[in-house]
There are 2 protein chains.
Amino acid sequence: MVDLNRLKQIYKFGKELSLNDLQVLLKAAKNGSFDKKELLINEGSTRNDVFYIKSGLVRCFHINDKGEEVTLKLIPEHQVVANVDLILFSQTSRFFYEALEKTEVFFINYDVLQDLVSRHPKLEANRKYVLQRLLKESMERVESFVLLSPEERYLRFVKDFPGITNRVQDKYIANVLGITPVSLSRIRKRIATKN
Amino acid sequence: MVDLNRLKQIYKFGKELSLNDLQVLLKAAKNGSFDKKELLINEGSTRNDVFYIKSGLVRCFHINDKGEEVTLKLIPEHQVVANVDLILFSQTSRFFYEALEKTEVFFINYDVLQDLVSRHPKLEANRKYVLQRLLKESMERVESFVLLSPEERYLRFVKDFPGITNRVQDKYIANVLGITPVSLSRIRKRIATKN
DNA sequence: TAAAGGCGTTAACAAAAGATAATTAATAAA
DNA sequence: TTTATTAATTATCTTTTGTTAACGCCTTTA
């Protein structure tokens, strides 16, 4: 018998969820594992699994006209990865989702999840929680672009995402901040010389 | 008797909503009207009404350390305005929400809405719809900051928001794009000379 | 009607960022 | 361990943006 209370603590998922509902969810979910550099979701994919990252780190990136990779988002443990193009936009994925570290996940098919939610109404609270969390994160990011300078944006990013600089390459962080790697390097130097 | 089908068409609100559920919602909602320059929500406010803009235009702005107004978002008719700081962050509003035009709204207290949703489960679909739409919009905005240059961002903005340049001052648009009014003026000139 | 204020444009200069390439440092592969 | 690759830093130059201020235009107010 799994200790669900412990599970909740460890995986921080079902915040507003009863143990019973969490059990329903976990019963339907499968375990998965991705090696470093392995893709969870490919560009053009119609895979509609929703992943919950137990451990590891996922990079969402796009390849532009010039063939360059542009990283949009870094998603660490205890967060949800999904093919948002499919779920929100009803189109194939414009992005790649790649494991940057060995990544352990729960995953569940979105249609199955929909069905599960309709049969267990209390799960709706959890869906709401996940959606609100995504919304909050996204809105805070918009705010950081409107209200902050690139330097301030960098400082806030590393503050909100402790240890990230030791886990991923700077060029990915630069992309996420909407600047070039060269510019990020200069910003870091500027900050260093201030202190 | 109100023709709800017509209402749905006009107000585009209850996309996934049955007429009955829409009726429940509208019955609980009050009508409101704001004159130009009037505030829907003040900074520091704990007002937790959710507004649906029937007609008009609302500006969400912030006053920074230097006392300057910085516009974060422009919200036109058929969209939802809410005190997100209160609802998502459990804190008083950091922003002002000001009518830029005479603005007609439906509004409903968020707690009342919560209660309504719990008693009419089908309304949950509508809440999901609103949340997903906000998320989509916010994510697209983040993408525009990461993937596009200021000039491209401006072009996409006016494309996605037809007629906006005739409705609001350029300085508000500049803020929303994360640039200065002077820079926006230069971008417009650059675009003009290209054609 | 005149005065005042606000806004968009333009100018001038400083600061920052982009682009490209060279160098150094770190990492991965042989 | 050595070699090959890849990433980060630095340098140089160009372009863009920020800042401040001046100017003309328009709207509002007296």
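Here is how names work: the chains are called A, B, and so on, in the same order as the sequence lines, proteins then strands, and each is numbered from 1. In what follows, every heavy atom counts, from backbone to side chain, and hydrogens, waters and symmetry copies are set aside.
- Take A:S149 and apply the side-chain hydrogen bond (donor to acceptor under 3.5 Å, both in side chains) test, not counting sequence neighbours, and it matches A:E152.
- The separation between B:E69 atom CD and C:dG6 atom P is 11 Å, rounded to whole Å.
- Under the rule for a salt bridge (Lys or Arg N to Asp or Glu O under 4.0 Å), A:R156 has no partner lying at least two apart in sequence or in another chain.
- Judged as a side-chain hydrogen bond (donor to acceptor under 3.5 Å, both in side chains), and not counting sequence neighbours, the contacts of A:D35 are A:K102.
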- Query: Tell me, for nucleotides 7-15 of chain C in 5' to 3' order, what letter each nucleotide earns: B for a base near a protein heavy atom under 4.0 Å, S for only sugar-phosphate near one, - for neither?
  - Reply: SSSBBB---
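- With sequence neighbours excluded, no residue forms a salt bridge (Lys or Arg N to Asp or Glu O under 4.0 Å) with B:D111.
- We find that A:D170 and A:R188 are joined by a salt bridge, their nearest charged nitrogen and carboxylate oxygen being less than 4.0 Å apart.
- Applying the side-chain hydrogen bond (donor to acceptor under 3.5 Å, both in side chains) test to B:N83 and every residue at least two apart in sequence or in another chain returns nothing.
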- Task: Might you work through the salt bridge (charged side-chain N to carboxylate O under 4.0 Å, His left out) test for A:R94 and B:E143, ending with a clear yes or no?
- Result: CA-CA 12 Å; A:R94 290 165 302 156; B:E143 279 175 39; 2.9 Å; yes
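- A donor-acceptor pair under 3.5 Å links the side-chain atoms of B:R141 to the main chain of B:V176, judged by distance alone.
- By the 4.5 Å side-chain criterion applied to Ile, Leu, Val, Met, Phe, Trp and Tyr, A:I63 is assigned to a cluster that also includes A:L39, A:F61, A:F96.
- Where the helix from C:dT1-D:dA30 to C:dA30-D:dT1 starts and where it ends, the local axes point in directions that differ by 40°; five pairs per end, rounded to 10°.
- Note on ring orientation: taking the six-membered ring where Trp is involved, the planes of B:F145 and A:F145 are parallel (angle under 30°, cut-offs 30° and 60°).
- Looking at residues 152-162 of chain A, you'll see that no heavy atom sits under 4.0 Å from any atom of DNA chain D.
- Not a single salt bridge (Lys or Arg N to Asp or Glu O under 4.0 Å) links A:R153 to another residue, sequence neighbours left out.
- Taking atom CG of residue A:N64 and atom C1' of nucleotide C:dA19, one finds them 14 Å apart after rounding to whole Å.
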- Yes or no on side-chain contact (heavy atoms from CB on, under 4.5 Å) for A:E140 and B:F89, after CA distance, side-chain angles and deciding distance? CA-CA 11 Å; A:E140 283 177 331; B:F89 303 69; 3.2 Å; yes
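- When DNA chain D is scanned 5' to 3' for any atom under 4.0 Å from a heavy atom of chain A, the first and last hits are D:dA7 to D:dT12.
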Pairs of donor and acceptor atoms involving the side chains of residues 158-165 of chain A, under 3.5 Å and at least two apart or interchain, shall be tabulated with distances.
none

